[in-house]
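First listed ligand is number 1; within each ligand, the first listed atom is number 1.
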Amino acid sequence: MKRILTLDEFILQRQKDFKHASGELTALLRDIGVATKIINNAINKAGLLNILGAADQSNTSGDDVQKLDIYSNDLLIDCMKSSGQCAGIASEENEGIIPISGVHDVSSKYVMVTDPLDGSSNIDVNVSVGTIFGIYRRLSDVDGPCNVNDFLQKGTELVAAGYVLYGTSTMLVFTTGNGVNGFTLDPSIGEFCLSHPNIRIPQTGNFYSVNQGYYLKFPTGVRRFLSHCFEEKRTLRYIGSMVADVHRTLFKGGIFTYPYTSDKPGGKLRLLYECNPMSFIVEQAGGVAIDCHGNRIMEQEITELHQKTSIAIGSPDIVEEMNGFIERFKGQ
Ligand code: AHG
Ligand code: MN
Ligand code: MN
């Protein structure tokens, strides 16, 4: 029987395929894998450790912060500080960037963007949540600390991106620009093992995923597209954790959309650490990701760390179909 490949083995084998082959990126990806295993452990035991529930704070985007949001954020930051493979972090849970000085005075070439815990409003009811990350090559000189411009790069500049889904099993899915691979955590050995090599999104699909509660606030094109899905008797699935909703879309096909609304004209989801990394993964799997004005997500200019965007992401045929409705009803 062929022995299964662990994440560490896979990363080392593929190092030469990376766009900017370097041991540093390899080590950084490995350290992110370790950090998410620790987060996974805490999530599994959250009800026992008294880390469920709200933390009586809100973040820069005005969302209520859960205790596990803070726990996951602190843990990722601590892991990156001791890893020495990352020059700084921009996180959903911190207003500004967190520069990290290198170990033994050697500074890293890379910075990380992250949503440490996505879908955290689902955690108290045992529904899937996730961690999203993206890695950029820094623009500033490696001799000094990183700065905010290192993070304000378009999605097209991402060197790697991934997510971990804490679901019925825990899965890490990532890309370095050479396709997408998925790893399932084997709890008996504590390792992510290659379970889904070379993931390809179906060309089309029957699922559509959206918070229909905002229907009346959506622009006309989006409303007409949703009515069309309804008329076509497509299946509605909405978990309320972007990672879980996009993960299903990646494997089963269809579309996930979080459009802009009359009261959130810029959308809700964040470009830097939610939409760009997820778009890189879906595009690498053969899918499409646009905003609800028809522009490619990864080409959007970014001027603020917590900038928001609308998004439609998934199977090429369905996203194109939605884009057709957007075009037809532009400005309405
Ligand atoms: P986060 O928990 O990181 O703040 O993200 C929550 C996001 C995303 O995961 C999900 O798609 C969306 O919020 C759900 O929002 P609604 O409750 O408005 O549908
Ligand atoms: Mn999120
Ligand atoms: Mn979050």
The Mn ion (ligand 3) to nearest N/O/S of D115 less than 2.8 Å: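 D115 does place an N, O or S atom closer than 2.8 Å to the Mn ion (ligand 3).
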Heteroatom N/O/S of P116 within less than 2.8 Å of the Mn ion (ligand 3):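 It does not; every qualifying atom lies at 2.8 Å or beyond.
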Could you tell me whether the side chain of [Y] reaches within less than 4.5 Å of the side chain of [X], counting heavy atoms only?
{"X": "E92", "Y": "I132", "answer": "no"}
{"X": "Y110", "Y": "C86", "answer": "no"}
{"X": "I297", "Y": "N276", "answer": "yes"}

Among the N, O or S atoms of E92, the one nearest the Mn ion (ligand 3):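 Of all N, O or S atoms belonging to E92, OE1 is the one nearest the Mn ion (ligand 3).
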Ring center gap for Y163 and F133 short of 6.0 angstrom: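 Ring-ring flag for Y163/F133: false, centres at least 6.0 Å apart.
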Aromatic contact, F183 with H196 (centres under 6.0 Å):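 When the ring centroids of F183 and H196 are compared, they turn out to be at least 6.0 Å apart.
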Aromatic ring pairing F174/F10, orientation class (parallel under 30°, perpendicular over 60°, tilted between):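 The arrangement is perpendicular - the two ring planes meet at more than 60°.
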Rounded distance [0.5 Å steps], OG in S128 versus CE in M171: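 Answer for the OG-CE pair, S128 versus M171, is 12.0 Å.
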Would you mind writing out a table of all protein N or O atoms found under 3.5 Å from any N or O atom of ligand 1, naming both atoms and giving the distance to 0.1 Å?
unit_1, atom_1, unit_2, atom_2, d
ligand 1, 2 (O), G119, N, 2.8
ligand 1, 2 (O), S120, N, 3.0
ligand 1, 2 (O), S120, OG, 3.4
ligand 1, 3 (O), E92, OE1, 3.0
ligand 1, 3 (O), D115, OD1, 3.4
ligand 1, 3 (O), D115, OD2, 2.9
ligand 1, 3 (O), L117, O, 3.3
ligand 1, 4 (O), E92, OE2, 3.2
ligand 1, 4 (O), R270, NH2, 3.4
ligand 1, 5 (O), D118, OD1, 3.2
ligand 1, 9 (O), D118, OD1, 2.7
ligand 1, 9 (O), D118, OD2, 3.2
ligand 1, 9 (O), M242, N, 2.8
ligand 1, 11 (O), M242, N, 3.4
ligand 1, 13 (O), K268, NZ, 2.9
ligand 1, 15 (O), K268, NZ, 2.9
ligand 1, 18 (O), Y214, OH, 2.6
ligand 1, 18 (O), Y258, OH, 2.6
ligand 1, 19 (O), N211, ND2, 2.8
ligand 1, 19 (O), Y238, OH, 2.5

Step-by-step side-chain hydrogen bond (donor to acceptor under 3.5 Å, both in side chains) determination, S241 to D118: CA-CA 6 Å; S241 293; D118 174 67; 5.1 Å; no
Atom name of the N, O or S atom in E274 that lies nearest to the Mn ion (ligand 2):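 This turns out to be OE2.
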Residue D118 atom name (nearest to the Mn ion (ligand 2); N/O/S):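 Sorting the N, O and S atoms of D118 by distance to the Mn ion (ligand 2) puts OD1 first.
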